[in-house]
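Input: a single structure, listed below in structure tokens.
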Amino acid sequence: DALERELLLLSGSARRRAAVAAAERRAMLQQLRRLQGNVKVICRLRPPSVDAEARVALSVESDGVLVLRGGIAGEVAPHVWEFDQVFGGGASQACVFEQVRPMAAAVLDGVSACIFAYGATGSGKTHTMMGPVNSRGCNYRLLTELMRLTAERSASHEHMVRVSPGEGDNDQPGELR
């Protein structure tokens, strides 16, 4: 009887500590979103063609700066764009995923989230989001992280995760396969 009461007290204490930790995590995430903004724009360059004569016109100058150099001899002034993060053609799937990994914890804390890939046909959207079997993309990695966190928190929380993958091509909605 005393052992059962002690277990109930410990269980209640663990639940209170978990609730306090979750509230602190939510508060920190809200503060981070206020400082960074709710939208992050990330650019990933497709690896250059294996064609020996291909000339790379885009270059990553720093973590968030992309430069387009024009003209055959570079006589046109370069165009510069700034993003929250820019990945060069050699960036790994794991490296790109690290930028969206925090979304998993935010989703389990009740924040709605969306990853949106945009670009021309053949620019690498499907590769980044889905990836090949031996190097999964953001979708698979994020779902794996969600399931890992759900299992980790299962002693103190019950979660329901709803996912709605979708695809649009030439202004036509479709299902992601």
Side-chain angles (χ1 to χ4, degrees), residues 11-47 58 60 62-66 81-89 91-177:
S11 174
S13 175
R15 287 182 196 277
R16 282 190 297 280
R17 283 195 310 269
V20 167
E24 288 174 353
R25 187 173 50 254
R26 275 192 301 276
M28 286 188 288
L29 281 169
Q30 287 172 350
Q31 182 178 7
L32 182 62
R33 275 195 294 287
R34 275 194 304 275
L35 294 171
Q36 290 184 330
N38 284 335
V39 176
K40 288 180 84 172
V41 180
I42 300 169
C43 178
R44 182 181 194 186
L45 298 181
R46 182 185 169 118
L58 291 168
V60 179
S62 66
D63 280 350
V65 178
L66 180 66
W81 292 274
E82 290 187 35
F83 298 90
D84 292 303
Q85 178 73 45
V86 178
F87 293 102
S92 69
Q93 297 284 57
C95 184
V96 174
F97 171 68
E98 286 306 314
Q99 286 295 309
V100 297
R101 178 189 293 259
M103 290 175 72
V107 164
L108 292 183
D109 287 336
V111 176
S112 294
C114 175
I115 300 175
F116 183 77
Y118 179 81
T121 300
S123 62
K125 300 175 299 295
T126 301
H127 175 76
T128 297
M129 299 305 288
M130 304 299 284
V133 174
N134 63 345
S135 182
R136 290 297 191 189
C138 288
N139 285 351
Y140 286 95
R141 291 171 187 260
L142 195 57
L143 286 170
T144 300
E145 180 69 1
L146 276 169
M147 295 306 113
R148 185 190 70 75
L149 290 171
T150 299
E152 187 178 278
R153 298 179 184 186
S154 66
S156 60
H157 294 80
E158 184 177 316
H159 292 94
M160 180 177 78
V161 178
R162 216 177 305 160
V163 179
S164 301
E167 177 178 42
D169 188 24
N170 291 323
D171 297 328
Q172 299 299 313
E175 289 186 22
L176 198 57
R177 292 173 203 75

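- Residues passing the side chain to side chain contact (heavy atoms under 4.5 Å, CB included) test with Ala23 are Arg26, sequence neighbours excluded.
- Summarising the geometry of Arg44 relative to Ala91, their closest heavy-atom pair is NH2-O, 2.8 Å, with the distance given to 0.1 Å.
- Between the side chain of Asp84 and the main chain of Val41, a donor-acceptor pair closer than 3.5 Å is present.
- Between Phe97 atom CZ and Thr128 atom OG1 the span is 13.5 Å, to the nearest 0.5 Å.
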Check the pair Leu149 / Val107 against side chain to side chain contact (heavy atoms under 4.5 Å, CB included), numbers first and verdict last. CA-CA 10 Å; Leu149 290 171; Val107 164; over 6 Å; no

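- Distance alone, capped at 3.5 Å, is enough to place a donor-acceptor pair between the Lys125 side chain and the Gly119 backbone.
- Qualifying salt bridge (charged side-chain N to carboxylate O under 4.0 Å, His left out) partners for Glu82, counting only residues two or more places apart in sequence or in other chains: none.
- Between Leu146 and Ala104, the shortest heavy-atom distance links the atoms CD2-O, 3.5 Å.
- Every side chain to side chain contact (heavy atoms under 4.5 Å, CB included) that Arg153 has, sequence neighbours left out, goes to Arg25, Ala105, Leu108, Asp109, His157, His159.
- Remark: Ala94 engages Ser92, Arg141 in a side chain to side chain contact (heavy atoms under 4.5 Å, CB included) (not counting sequence neighbours).
- One distance of note links OG of Ser112 with CE of Met103; it measures 10.0 Å at 0.5 Å rounding.
- Under a 3.5 Å cut-off, the side chain of Glu145 and the backbone N or O of Pro102 do not form any donor-acceptor pair.
- Here Gln85 pairs with nothing under the side-chain hydrogen bond (donor to acceptor under 3.5 Å, both in side chains) rule; sequence neighbours left out.
- Across Ser123 and Arg46, no two heavy atoms sit closer than the pair O-CB, 3.7 Å.
- A pairwise comparison of heavy atoms in Gly131 and Gln93 identifies CA-NE2, 3.4 Å as the closest pair.
- In this structure Ser156 satisfies the side chain to side chain contact (heavy atoms under 4.5 Å, CB included) test together with Ala18, sequence neighbours excluded.
- Across Leu142 and Ile115, no two heavy atoms sit closer than the pair CD2-CD1, 3.6 Å.
- Remark: Asn139 CG to Met130 CE distance equals 5.5 Å, nearest 0.5 Å.
- Counting only heavy atoms from C-beta outward, the side chains of Val96 and Ile42 never approach each other to under 4.5 Å.
- Here the shortest heavy-atom pairing between Cys95 and Phe87 reads SG-CE2, 3.5 Å.
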